[in-house]
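A short write-up of the structure that comes next.
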Amino acid sequence: MIQLRKIENESPWVISKLANNYEIAKNLRDIFPHPYTIDNAVSFIELAKTGELGLVFGIYSENEFIGCCSLNPQSDVYRINAEVGYWIGEPYWRNGYATETVKLLVEMAFNQLGMQRVYANIFEYNMASMKVLEKVGFEKEAIIKSSVIKKGQIFDEHIYSIRKT
């Protein structure tokens, strides 16, 4: 069982220790740097406090920090949507933590925030995240061809969503 807690209470050292991993960074937007330093974690916590990154949480298993997630409500005509994002530290992979995290975020989006749709944008090579989303009930809506660039290579982006029933 996992818990989501406000990230601003976590130690920057603990965050940077887990986040400083290319296997995590390669699946996230470039705003997530590699290498990931303590200074990056301090800046991240400050941005999270302001709300600029949406609702940001630390992911905990038995009071141990294992990763980070966010729920980013959209605005204007997209205000019934929220984007979900997450990463789990590599030592905790393949334990179902990402699936549990996404389930909790979807419940929060629908039941507390009144969202109608939750979505995620996934790079074409991130099959593990696609499987996580599918386990939770997300469906692939689209593949946007040649729409992202990561480390100088162009990739397709897969858009997944789940709608409130």
Side-chain angles (χ1 to χ4, degrees), residues 1-75 78-123 126 128-138 159-165:
M1 177 99 170
I2 61 155
Q3 304 88 42
L4 305 183
R5 298 186 200 144
K6 290 186 180 258
I7 195 69
E8 52 260 27
N9 298 324
E10 190 51 72
S11 157
W13 184 85
V14 171
I15 294 171
S16 65
K17 183 179 174 198
L18 267 189
N20 187 25
N21 182 331
Y22 176 73
E23 294 302 311
I24 294 170
K26 74 179 185 181
N27 294 312
L28 301 174
R29 293 178 182 156
D30 287 345
I31 193 171
F32 188 97
H34 185 264
Y36 196 103
T37 65
I38 291 174
D39 287 342
N40 294 133
V42 168
S43 296
F44 170 70
I45 290 168
E46 287 305 312
L47 282 172
K49 282 181 186 176
T50 67
E52 288 183 54
L53 303 174
L55 305 170
V56 180
F57 303 98
I59 306 167
Y60 294 84
S61 174
E62 298 179 15
N63 291 321
E64 184 175 3
F65 177 79
I66 64 167
C68 190
C69 64
S70 66
L71 192 57
N72 192 3
Q74 302 299 291
S75 61
Y78 302 104
R79 65 187 172 271
I80 60 172
N81 296 272
E83 182 179 16
V84 66
Y86 53 91
W87 62 265
I88 304 291
E90 190 170 5
Y92 307 100
W93 289 359
R94 291 180 271 295
N95 290 304
Y97 296 134
T99 302
E100 280 188 65
T101 296
V102 173
K103 284 180 184 175
L104 290 173
L105 291 171
V106 168
E107 287 173 16
M108 183 183 302
F110 291 158
N111 300 329
Q112 295 175 26
L113 303 178
M115 296 291 140
Q116 296 298 308
R117 179 178 169 269
V118 177
Y119 70 94
N121 301 333
I122 308 295
F123 303 149
N126 190 350
S129 274
M130 291 182 202
K131 288 179 184 174
V132 164
L133 295 169
E134 289 167 0
K135 282 182 195 174
V136 175
F138 282 68
I159 299 177
Y160 279 80
S161 76
I162 188 169
R163 288 172 304 285
K164 188 173 185 176
T165 53

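Hydrogens, waters and symmetry mates are skipped; everything else that's a heavy atom, side chains included, is used.
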[X]: partners by salt bridge (charged side-chain N to carboxylate O under 4.0 Å, His left out), with sequence neighbours left out:
X: Glu46; answer: Lys49
X: Asp39; answer: none
X: Lys26; answer: Glu23
X: Arg29; answer: Glu83

Do [X] and [Y] have side chains that get closer than 4.5 Å, going by heavy atoms?
X: Tyr160; Y: Glu134; result: yes
X: Glu10; Y: Tyr60; result: yes
X: Leu18; Y: Pro91; result: yes
X: Glu107; Y: Val118; result: no

Separation of [Y] [atom2] from [X] [atom1] (nearest 0.5 Å):
X: Glu64; Y: Gln3; atom1: CD; atom2: CD; answer: 11.5 Å
X: Ile38; Y: Asn20; atom1: CD1; atom2: CG; answer: 10.0 Å
X: Leu105; Y: Leu4; atom1: CG; atom2: CG; answer: 5.5 Å
X: Gln116; Y: Arg79; atom1: CD; atom2: CZ; answer: 11.5 Å
X: Leu104; Y: Cys69; atom1: CG; atom2: SG; answer: 8.0 Å
X: Lys164; Y: Ile80; atom1: NZ; atom2: CD1; answer: 11.0 Å

Check: Any chance NZ of Lys131 has more than 12 other-residue heavy atoms, nucleotides or ligands included, within less than 6.0 Å?
Finding: no
On a heavy-atom basis, which atom in [X] and which in [Y] lie closest, and how many Å separate them?
X: Ala41; Y: Pro12; value: CB-O, 3.4 Å
X: Thr99; Y: Val136; value: O-CG2, 3.7 Å
X: Ile45; Y: Ile7; value: CG1-O, 4.3 Å
X: Asn81; Y: Arg117; value: OD1-NH1, 2.7 Å
X: Val56; Y: Cys68; value: CG1-SG, 3.8 Å
X: Pro73; Y: Leu113; value: CG-CD1, 4.1 Å

Determine whether a donor-acceptor pair (N or O, by modelled atom type, separation under 3.5 Å) exists between the side chain of [X] and the backbone of [Y].
X: Ser70; Y: Asn72; answer: no
X: Thr37; Y: Asn40; answer: yes
X: Asn126; Y: Phe123; answer: no

Item checked: Phe57 vs Thr101, side-chain contact (heavy atoms from CB on, under 4.5 Å): CA-CA, chis, key distance, verdict -> CA-CA 10 Å; Phe57 303 98; Thr101 296; over 6 Å; no
Next item on the list: Starting from the C-alpha separation in whole Å, work towards a yes-or-no answer on side-chain contact (heavy atoms from CB on, under 4.5 Å) for Asn63 and Arg5.
Entry: CA-CA 10 Å; Asn63 291 321; Arg5 298 186 200 144; 2.4 Å; yes
Note to self: I'd like to check the ring-ring contact (aromatic ring centres under 6.0 Å, His included) partners of Tyr22; sequence neighbours left out, ordered by chain and number.
What the structure shows: His34
Notebook entry, point to check: So which pairs with a foot in residues 84-116 pass ring pair (Phe, Tyr, Trp, His ring centres under 6.0 Å), sequence neighbours left out?
Noted result: Phe32-Trp87
Next item on the list: I would like to know whether Val84 and Phe138 meet side-chain contact (heavy atoms from CB on, under 4.5 Å); could you show each step before the answer?
Entry: CA-CA 11 Å; Val84 66; Phe138 282 68; 4.3 Å; yes
